*Asks:* 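I'd like to ask some things about the structure below.
Sequence lines set the chain letters: A, B, ... in the order given, protein chains first and strands last, and positions in each chain run from 1. Computed from heavy atoms alone, side chains included, the values below leave out hydrogens, waters and symmetry copies. Just so we're clear, the structure is a prediction, and the values are computed from it rather than from any experiment.
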4 protein chains.
Amino acid sequence: MRNDTKGKEAKAGSKREALVRATIQLVNNSGFHATPMSKIAKLAEVSPGTIYLYFENKQDLINQVYIEVKTAFSAFAFKDYDASLPVAEGFRKIWYNIAAFKLQEVEEAMFLSQCDNTPMMDEPSRQEGLKHLRPLLDLWERGQAEQLIRQVSPFMLYAFSIYPIAFLMNVQQRGLYTITQEHIDHAYTMAWNSIKL
Amino acid sequence: MRNDTKGKEAKAGSKREALVRATIQLVNNSGFHATPMSKIAKLAEVSPGTIYLYFENKQDLINQVYIEVKTAFSAFAFKDYDASLPVAEGFRKIWYNIAAFKLQEVEEAMFLSQCDNTPMMDEPSRQEGLKHLRPLLDLWERGQAEQLIRQVSPFMLYAFSIYPIAFLMNVQQRGLYTITQEHIDHAYTMAWNSIKL
Amino acid sequence: MRNDTKGKEAKAGSKREALVRATIQLVNNSGFHATPMSKIAKLAEVSPGTIYLYFENKQDLINQVYIEVKTAFSAFAFKDYDASLPVAEGFRKIWYNIAAFKLQEVEEAMFLSQCDNTPMMDEPSRQEGLKHLRPLLDLWERGQAEQLIRQVSPFMLYAFSIYPIAFLMNVQQRGLYTITQEHIDHAYTMAWNSIKL
Amino acid sequence: MRNDTKGKEAKAGSKREALVRATIQLVNNSGFHATPMSKIAKLAEVSPGTIYLYFENKQDLINQVYIEVKTAFSAFAFKDYDASLPVAEGFRKIWYNIAAFKLQEVEEAMFLSQCDNTPMMDEPSRQEGLKHLRPLLDLWERGQAEQLIRQVSPFMLYAFSIYPIAFLMNVQQRGLYTITQEHIDHAYTMAWNSIKL
DNA sequence: GATGAATGAGTATTCATTCAT
DNA sequence: AATGAATGAATACTCATTCAT
């Protein structure tokens with residue numbers, strides 16, 4: 001059912017897509033430098049040479065994948081979010097969105113986590129990725145103006161309210177811990193308690 | 001003036017030490033797989049062949065370095081800590097110790113952070129590294145029994161009170177943020193607020 | 001404005017021509033093996049696949065280009081030459097023609113020079129190219145019969161009277177030397193002095 | 001007789017030497033870009049990786065080989081030459097030396113010829129190679145001052161008296177022509193006739 | 001005829017590891 | 001213990017060639 005239809009249904013761009021998916025998966029399992037291009041090609045059912053039709057080189061490949069996943073992440077994070085919401089409600093919305101992403105879209109989330117904690121990413125792409133958080137930063141600023149949020153750097157707010165979710169995801173991924181809806185609700189409370197005034 | 005004194009001042013085992021230091025530094029800058037053994041040897045002023053007198057292979061090298069740094073970390077974390085201290089005081093002590101480590105011993109801290117967020121470490125070594133946190137887990141258990149600490153998994157407590165420090169360190173390391181004593185005090189409050197009942 | 005006119009002005013066969021021109025230019029700059037087919041196609045504003053409509057493969061491509069340029073060369077060399085001319089006059093005519101070719105049609109001349117000094121050409125094509133010099137060899141034979149030209153192999157006559165022009169062209173091409181009409185006249189004298197009796 | 005003694009007699013530097021010889025031979029037969037490093041290694045009976053112990057990369061390899069062969073060439077060219085000799089005698093000496101080199105040390109000579117007529121060499125190395133001809137240029141200058149040599153650029157003198165030898169070598173190498181001592185003497189006369197006043 | 005996406009064999013180069021000294 | 005020259009398997013990337021459209 002795959003080979004026979006490949007030429008037809010899998011139109012333009014499908015190979016690029018397959019490569020992106022393969023990259024995420026393999027980098028998650030082995031890390032960037034331990035993942036050969038040939039393996040990526042094989043998993044994507046594509047010739048090694050084909051990679052270079054869509055990406056300039058290995059670095060460009062993860063750069064592009066990173067941007068793409070980061071974009072998907074923020075789309076997810078701000079889904080149904082409205083900047084006119086009250087601060088507490090807005091934060092709750094975003095926080096639950098991010099938690100949902102990290103715990104459902106595990107592959108993507110793990111990939112981002114590795115990119116963000118490793119020297120494999122080059123600085124320009126990292127900067128590019130940061131931009132996407134703008135609405136959250138704006139929300140926090142508003143919250144601080146309204147005396148609802150602690151008067152500390154957004155880095156600090158992020159560290160204590162968002163970053164912990166990544167840890168929980170990692171731990172669950174390694175099979176050490178299983179996160180239920182109740183856990184998530186607890187986690188939200190802890191996040192909010194740490195940043196609220 | 002270098003060669004002639006090397007043999008004297010740098011007794012037996014000094015080469016191992018130099019290799020460990022070199023590994024930490026280079027892995028921080030480039031990642032595990034992007035760091036060649038030859039570079040490690042060069043920075044340690046040692047022949048490539050010598051590495052294999054002290055370590056079985058590359059994987060064994062980072063494994064050993066990881067354990068070593070993790071041990072140093074916990075020694076630091078529990079310095080002057082006494083299990084008979086009241087919970088709040090005990091936590092404060094440990095938390096400030098860990099923060100001091102992360103912000104002063106940056107090289108070691110960054111190395112651990114990379115090990116913990118990357119597939120470069122094998123599972124046994126990872127497990128080995130976890131053991132060192134025992135006293136903190138005990139403290140939390142006691143705190144929960146005394147109704148001082150939230151009734152959630154230690155993973156959750158760790159995620160919201162300890163893990164954020166690593167983020168702050170990363171951000172400072174990248175030159176995006178400078179952490180003062182005042183920031184640390186704020187951070188402590190946020191950490192405590194998130195886990196206290 | 002490019003695509004719509006291509007089909008009109010550049011009738012059939014124009015693509016082949018463009019490919020030949022592109023090949024000459026690129027091989028001059030980088031050598032045969034350092035010139036990818038894709039680059040040739042790009043410079044000729046043609047698809048890579050199109051090359052194989054006109055040429056069997058890469059080797060066939062330079063073979064054909066070589067023959068073509070060699071043919072153009074001899075047409076140039078024997079322009080206005082008449083086998084009934086006196087030997088000295090006939091040689092002068094041919095020599096100046098060749099000099100003019102080498103110094104005016106630099107692209108073609110450099111291409112030939114590279115083909116003749118490199119293992120990139122296969123022997124059959126090389127032989128094919130040699131045939132074109134027949135009239136010059138005949139002239140020399142006549143000159144020897146008339147005791148005007150040294151009794152040595154035509155290879156020797158060629159080496160000392162014709163081959164040097166290629167060197168001058170190379171040197172001028174590299175910007176080390178500029179050749180004026182006066183230089184050419186001197187060169188002719190030197191050529192003639194070396195072969196005359 | 002080779003394998004059994006390899007480890008002993010073939011001390012330091014022997015591998016480099018073998019690589020240089022292999023490079024000359026293979027580049028002569030196939031050209032620079034058509035010669036894979038692996039083939040060079042195999043012919044030199046050395047591992048591919050070993051090449052990079054002695055040479056930075058492929059370009060550095062031919063650069064070094066070129067300089068080395070060019071140096072051997074000029075040592076040969078000016079053997080027994082004494083700047084105090086009369087011009088005609090000095091030129092005869094050098095010319096015969098060069099002819100001897102080109103016709104005896106065919107491998108080296110062919111290698112130089114290919115380097116000098118191909119874009120494979122980078123400009124710095126080419127310049128470096130040129131320096132070696134100094135004594136010949138000095139001799140020509142003196143000859144011009146003494147009204148013995150034509151008042152033309154040394155490029156022209158070289159083109160007509162030295163460069164032709166390379167052509168004869170090529171032709172002989174291809175099996176089209178066999179050069180005897182008598183031919184050489186003729187050639188010398190032709191060379192001298194072209195540059196003398 | 002013409003295209004250009006796709007291929008996969010081939011290439012330069014790197015690097016963990018060994019071993020004779 | 002220590003060295004470092006040597007290895008060769010592995011890797012990123014290129015490019016001649018094909019073929020479905």
Side-chain angles (χ1 to χ4, degrees), chain A residues 6-8 11-16 33-42 45-61, chain B residues 6-7 12-16 33-42 45-61, chain C residues 3 6-7 12-16 33-42 45-61, chain D residues 7-8 11-16 33-42 45-61:
Chain A
K6 214 166 37 174
K8 308 293 177 185
K11 325 195 164 200
S14 84
K15 279 167 208 276
R16 208 196 98 102
H33 285 289
T35 301
M37 297 297 260
S38 58
K39 229 180 193 167
I40 297 177
K42 197 163 291 169
E45 298 190 274
V46 141
S47 159
T50 302
I51 300 182
Y52 297 86
L53 249 48
Y54 298 100
F55 308 95
E56 257 176 57
N57 50 43
K58 199 179 180 182
Q59 185 66 51
D60 182 49
L61 170 61
Chain B
K6 212 164 43 170
S14 83
K15 280 170 206 277
R16 208 196 97 101
H33 284 288
T35 301
M37 297 295 261
S38 58
K39 227 177 189 172
I40 296 177
K42 198 165 289 165
E45 298 190 89
V46 140
S47 158
T50 302
I51 300 182
Y52 294 85
L53 294 175
Y54 298 100
F55 307 95
E56 254 175 62
N57 51 43
K58 199 180 180 185
Q59 186 64 52
D60 182 49
L61 169 61
Chain C
N3 272 324
K6 216 167 36 174
S14 83
K15 281 169 205 275
R16 207 195 98 101
H33 284 288
T35 301
M37 297 295 262
S38 58
K39 227 179 190 171
I40 296 177
K42 197 164 290 167
E45 297 189 273
V46 140
S47 158
T50 302
I51 300 183
Y52 295 84
L53 294 174
Y54 297 100
F55 307 96
E56 254 176 62
N57 52 40
K58 199 178 181 185
Q59 186 65 52
D60 181 50
L61 169 61
Chain D
K8 308 295 178 184
K11 327 194 162 200
S14 84
K15 277 166 210 279
R16 207 195 99 102
H33 285 289
T35 301
M37 296 298 259
S38 58
K39 229 179 193 169
I40 297 178
K42 198 163 288 168
E45 296 189 277
V46 140
S47 159
T50 302
I51 300 182
Y52 296 85
L53 250 49
Y54 298 99
F55 307 96
E56 255 176 60
N57 51 42
K58 199 178 180 184
Q59 185 66 51
D60 182 50
L61 170 61

*Asks:* Just how far, in rounded Å, is C1' of E:dG4 from CD1 of C:Ile51?
*Replies:* 12 Å
*Asks:* Using atom CZ of C:Phe55 as one end and atom C1' of F:dA16 as the other, report the distance to the nearest whole Å.
*Replies:* 15 Å
*Asks:* Could you identify the nucleotide paired to E:dT14, looking across every strand shown and requiring Watson-Crick or G-U wobble geometry with both distances under 3.5 Å?
*Replies:* F:dA9
*Asks:* Check whether more than 12 heavy atoms from other residues, nucleotides or ligands sit under 6.0 Å from atom CD of D:Gln59, and answer yes or no.
*Replies:* yes
*Asks:* Heavy atoms only: give me the nearest B:Asp60-B:Phe55 pair and the separation to one decimal.
*Replies:* OD2-CA, 3.5 Å
*Asks:* Ignoring backbone atoms, test whether A:Thr50 places a side-chain nitrogen or oxygen under 4.0 Å from the OP1 or OP2 oxygen of E:dT7.
*Replies:* yes
*Asks:* Looking only at heavy atoms, what is the nearest atom pair of B:Ala34 and B:Pro36, with distance?
*Replies:* O-CD, 3.4 Å
*Asks:* Go through the steps to decide whether B:Ile40 and B:Leu61 satisfy the test side chain to side chain contact (heavy atoms under 4.5 Å, CB included), and finish with yes or no.
*Replies:* CA-CA 11 Å; B:Ile40 296 177; B:Leu61 169 61; 3.9 Å; yes
*Asks:* In whole Å, what is the span from the CG atom of A:Asn57 to the C1' atom of F:dT11?
*Replies:* 14 Å
*Asks:* Looking at F:dC15, I'd like to know if its phosphate oxygens (OP1 or OP2) sit under 4.0 Å from a side-chain N or O belonging to C:Lys39.
*Replies:* no
*Asks:* What integer distance in Å separates D:Met37:CE from E:dA12:P?
*Replies:* 7 Å
*Asks:* Out of F:dT3, E:dT7, F:dT11, which has the shortest distance to the side chain of A:Pro36?
*Replies:* F:dT11
*Asks:* Nearest whole Å is fine: how far is F:dT11 C1' from A:Tyr52 OH?
*Replies:* 9 Å
*Asks:* Of D:Ser38 and A:Ser47, whose closest DNA chain E nucleotide lies nearer the 5' terminus?
*Replies:* A:Ser47
*Asks:* Need to verify one output field. Residue with the more 5' nearest nucleotide on DNA chain F, D:Gly49 or A:Ala34?
*Replies:* D:Gly49
*Asks:* To the nearest Å, give me how far apart CZ (B:Arg16) and C1' (F:dA1) are.
*Replies:* 16 Å
*Asks:* With both distances kept under 3.5 Å, what pairs with F:dT18, Watson-Crick or G-U wobble?
*Replies:* E:dA5
*Asks:* Begin from the C-alpha positions of C:Ile51 and C:Lys15 and carry the test side chain to side chain contact (heavy atoms under 4.5 Å, CB included) through to its verdict.
*Replies:* CA-CA 9 Å; C:Ile51 300 183; C:Lys15 281 169 205 275; over 6 Å; no
*Asks:* Starting from P on F:dC13, measure out to CD on A:Glu56 and report it in whole angstrom.
*Replies:* 10 Å
*Asks:* So which one's nearest nucleotide on DNA chain F is more toward 5', A:Pro48 or D:Leu53?
*Replies:* D:Leu53
*Asks:* Under 4.0 Å between a side-chain N or O of A:Lys42 and OP1 or OP2 of E:dG8?
*Replies:* no
*Asks:* Take the protein atom NE2 of C:His33 and the nucleotide atom P of E:dG10, then report the distance between them rounded to whole Å.
*Replies:* 15 Å
